Participant: 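Got a structure here, written out as structure tokens. Questions coming.
This one's a predicted model, so the numbers in the text were calculated from it and none came from an experiment.
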Amino acid sequence: MNTQLMVKPSSLMPQGIIMVEFGNIYLFRFTDEIQSRMEELLERKKLDLLTADEIPELAGIIELSRIFTFINAQLSTQAKWCPIELDNLYDNELNTSANTATLPNI
């Protein structure tokens with residue numbers, strides 16, 4: 001296990017979380033401010049410009065993102081609504097031009 005200092009993810013929750021409706025469920029998302037901050041910190045990390053204070057901040061945001069991903073995945077498995085019917089995904093595919101991308105059968 002890798003020990004790492006980070007901002008407690010729970011400290012980001014009051015100002016950094018919104019719930020958005022998706023069909024008949026609500027999913028957790030970052031506010032625009034936290035999303036922008038994460039993108040800024042990731043860019044600074046790529047350029048090796050993170051300060052000592054920004055390293056644990058980014059680690060906390062990333063951990064909260066992982067938690068959201070897990071919870072949202074669990075919530076979505078309970079959803080009774082899906083934007084597409086997976087069984088009919090390929091049945092209704094239009095046969096148009098050669099430039100139309102199609103999904104491979106999985």
Participant: Would you say Ile67 and Glu63 make side-chain contact, with heavy atoms under 4.5 Å?
Facilitator: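 With C-beta onward as the side chain, the pair touches.
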Participant: Look up atom CD in Glu57 and atom CD in Glu40, then write down how far apart they are to the nearest 0.5 Å.
Facilitator: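 Here the interatomic distance stands at 8.5 Å.
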Participant: What's the separation between atom CD in Gln15 and atom CD in Glu33, rounded to the nearest 0.5 Å?
Facilitator: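 Reported to 0.5 Å precision, the distance equals 9.5 Å.
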Participant: Would you call the rings of Phe30 and Phe68 parallel, tilted or perpendicular, taking 30° and 60° as the class edges?
Facilitator: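 It falls in the tilted class, 30° to 60°.
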Participant: Out of curiosity, does Leu49 fall in the hydrophobic cluster containing Leu41 (side-chain heavy atoms, cut-off under 4.5 Å, transitive links)?
Facilitator: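 As far as the 4.5 Å side-chain criterion goes, Leu49 and Leu41 are not connected within one cluster.
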Participant: Roughly how far, to the nearest 0.5 Å, is the CG atom of Leu47 from the NZ atom of Lys45?
Facilitator: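 Between atom NZ of Lys45 and atom CG of Leu47 there are 12.5 Å.
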Participant: Quick one: closest heavy-atom pair of Ile17 and Thr31, and the distance?
Facilitator: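 Residues Ile17 and Thr31, closest heavy atoms: N-CG2, 3.8 Å.
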Participant: Find the distance between CG (Asp32) and CD1 (Ile18) and round it off to the nearest 0.5 Å.
Facilitator: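 The CD1 atom of Ile18 is 6.5 Å from CG of Asp32, to the nearest 0.5 Å.
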Participant: Of all the heavy-atom pairs spanning Phe22 and Leu27, show the shortest one and how long it is.
Facilitator: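 That closest heavy-atom pairing would be CB-CD1, 4.0 Å.
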Participant: Which pair of heavy atoms, one from Met6 and one from Ala59, lies closest together, and at what distance?
Facilitator: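 In terms of heavy atoms, the two residues are closest at CB-CB, 3.6 Å.
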Participant: Sub-3.5 Å donor-acceptor pair from the side chain of Ser76 to the main-chain atoms of Asn72, do we have one?
Facilitator: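 It does hold such a pair.
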Participant: Quick one: are Leu42 and Ile62 in side-chain contact, heavy atoms under 4.5 Å?
Facilitator: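 Leu42 vs Ile62: side chains touch.
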Participant: Any chance you could measure Leu58, atom CG, to Met38, atom CE, to the nearest 0.5 Å?
Facilitator: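 One gets 8.5 Å once the value is rounded to the nearest 0.5 Å.
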Participant: Can you measure from CD1 (Ile55) to CZ (Arg44) and round to the nearest 0.5 angstrom?
Facilitator: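 Between atom CD1 of Ile55 and atom CZ of Arg44 there are 10.5 Å.
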